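Below you'll find the structure, written out as structure tokens, and then a few comments.
Lettering follows sequence order; numbering is per chain, from 1. Since the structure is predicted, the reported quantities are computational estimates derived from the model, not experimental observations. The basis for the numbers below is simple: all heavy atoms, side chains too, and nothing from hydrogens, waters or symmetry mates.
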Amino acid sequence: MKIVTYNVNGIRARLPRFLEYIEEQKPDVLCLQELKCADESFPAAEVAATGYKAIFHGQKGFNGVAILTRDGEPVLRRMGLPGDPDDTHSRYIEAEVGDLVIASLYLPNGNPVGTEKFAYKLAWMERLREHALALLAEERPVVLAGDWNVVPTDEDVFSPKAMAHDALLQPETRAAYRTILHQGWTDAIRARHPEGAIYTFWDYTAGCWQRDAGFRIDHLLLSPSAADRFLDAGVDKEYRGREKASDHAPTWVTLEG
DNA sequence: ATGACATTTGCAAAATGA
């Protein structure tokens with residue numbers, strides 16, 4: 001089965017791209033981020049017409065996450081991470097999909113470094129660390145899919161020097177990501193492509209797409225029993241070059257079963 | 001770089017992104 005994470009940068013602005021992606025790739029599970037719409041503005045009728053079933057956690061203007069399934073339907077487990085009842089951002093949704101647990105997450109960007117936005121990013125990652133540990137304790141196949149807003153290593157960005165001051169590359173950001181990984185998760189893209197650059201995001205500005213100045217920030221983390229079923233992983237890069245594309249490309253893993 | 005470009009809100013220009 002093909003499980004995809006796709007930061008759409010506005011579900012309504014991206015509707016033609018989103019619908020053609022479903023039509024062409026027919027993913028079993030599609031995790032979306034940056035819906036940028038309130039729940040009442042979610043294009044439910046257009047999604048229903050595809051035959052996919054969706055659960056979503058929207059927010060007016062920014063954020064917003066969803067999980068869509070081709071067969072059956074996602075059964076909601078939680079919206080929002082535990083650990084901060086005052087957090088109003090719609091950045092996490094988790095569901096049962098068949099025998100899998102699947103999360104669609106949109107980790108805070110955190111720029112600029114040294115502000116409360118960066119502190120919020122690190123605090124959110126600490127809450128994710130705790131929740132990820134609880135998920136592992138269930139000893140089930142789990143996929144943590146999303147826009148992590150983390151460049152794990154210098155190999156994962158076109159210019160570590162140019163981006164050295166960015167929140168996505170900070171040592172604290174990378175340490176927090178590694179701490180989660182080392183709980184026992186498998187980074188599916190790196191497992192399949194152990195060497196070299198493989199990007200999932202290209203900024204709209206400065207001709208970044210045209211000169212392949214990208215970042216690897218969309219990740220699919222597999223629990224041990226999900227990793228046992230690992231088949232393949234990749235980036236549907238071609239979609240980034242289409243008309244009115246998102247600045248992210250769909251990023252995927254295939255699992256047995 | 002208070003930058004580039006894109007999206008949303010709301011109807012101008014600010015917020016957000018990475």
Next on the checklist: Counting only side-chain nitrogens and oxygens, does R14(A) get under 4.0 Å of the OP1 or OP2 atom of dT7(B)?
Outcome noted: yes
Checklist entry - Do D218(A) and T251(A) have side-chain N/O donor and acceptor atoms under 3.5 Å apart? => result no
Checklist entry - Can we call the ring centroids of H89(A) and F62(A) under 6.0 Å apart? => result yes
Checklist entry - Does R91(A) have a side-chain nitrogen or oxygen under 4.0 Å from the phosphate oxygens OP1 or OP2 of dG17(B)? => result yes
Checklist entry - For DNA chain B, whose closest nucleotide is more 5', that of Y204(A) or that of H89(A)? => result Y204(A)
Item to check | Spacing between D247(A) atom CG and dC5(B) atom P, to the nearest angstrom | outcome: 14 Å
Checklist entry - How does protein reach along nucleotides 9-14 of chain B, written 5' to 3' as B (base within reach of a heavy atom under 4.0 Å), S (only sugar-phosphate), or - (no contact)? => result SS----
Next on the checklist: Can you measure Q33(A) atom CD to dT8(B) atom P for me and round it to whole angstrom units?
Outcome noted: 16 Å
Checklist entry - Which whole-number value in Å describes the distance from D147(A) CG to dG17(B) C1'? => result 10 Å
Checklist outcome for this item: When rounded to whole Å, the CG to P distance for the pair N9(A) and dT8(B) reads 8 Å
Checklist entry - Whole Å only: how far is the CH2 atom of W209(A) from the P atom of dA18(B)? => result 17 Å
Item to check | Whole-angstrom distance between dT2(B) and dA12(B), as gauged at atom P | outcome: 28 Å
Checklist entry - Can you tell me how far P in dA13(B) sits from the matching atom in dA18(B), rounded to whole Å? => result 26 Å
Checklist entry - Taking all atoms of both residues into account, what is the closest heavy-atom pair of K53(A) and P74(A), and its distance? => result O-CD, 3.6 Å
Item to check | Qualifying residue for ring pair (Phe, Tyr, Trp, His ring centres under 6.0 Å) with H248(A), from W209(A), Y106(A), Y21(A), F201(A) | outcome: F201(A)
Next on the checklist: If the cut-off is 4.0 Å, is N63(A) near the phosphate of dT8(B), judged by side-chain N/O to OP1 or OP2?
Outcome noted: no
Item to check | Sole residue of E94(A), Q33(A), R91(A) in side-chain hydrogen bond (donor to acceptor under 3.5 Å, both in side chains) with S104(A) | outcome: Q33(A)
Checklist entry - Do any side-chain nitrogens or oxygens of H165(A) fall under 4.0 Å of OP1 or OP2 in dA1(B)? => result no
Next on the checklist: What I want to check is whether the side chains of N111(A) and K117(A) have a donor and an acceptor closer together than 3.5 Å.
Outcome noted: no
Item to check | Donor-acceptor pair between Y92(A) and D87(A) side chains, under 3.5 angstrom | outcome: no
Checklist entry - Any luck finding a side-chain donor-acceptor pair between Q25(A) and Y239(A) under 3.5 Å? => result yes
Item to check | Closest to the F62(A) side chain, choosing from dT7(B), dA4(B), dG17(B) | outcome: dG17(B)
Next on the checklist: Rounded to whole Å, please give me the gap between CZ in F42(A) and C1' in dT8(B).
Outcome noted: 17 Å
Checklist entry - Going by number, which of residues 107-122 of chain A have a non-hydrogen atom under 4.0 Å from DNA chain B? => result N109(A), N111(A), K117(A)
Checklist entry - Should the heavy atoms of other residues, nucleotides or ligands under 6.0 Å from NE2 of H165(A) be counted, would the total exceed 12? => result no
Checklist entry - Is there a donor-acceptor contact under 3.5 Å linking the side chains of S225(A) and D228(A)? => result no
Item to check | Atom pair distance, as rounded to whole Å: OH in Y106(A) and P in dT16(B) | outcome: 11 Å
Item to check | Atom-to-atom span, CD of E243(A) to P of dT7(B) - whole angstrom | outcome: 11 Å
Next on the checklist: Could you tell me how far dC5(B) sits from dG10(B) if I compare only their P atoms? Round to whole Å.
Outcome noted: 26 Å
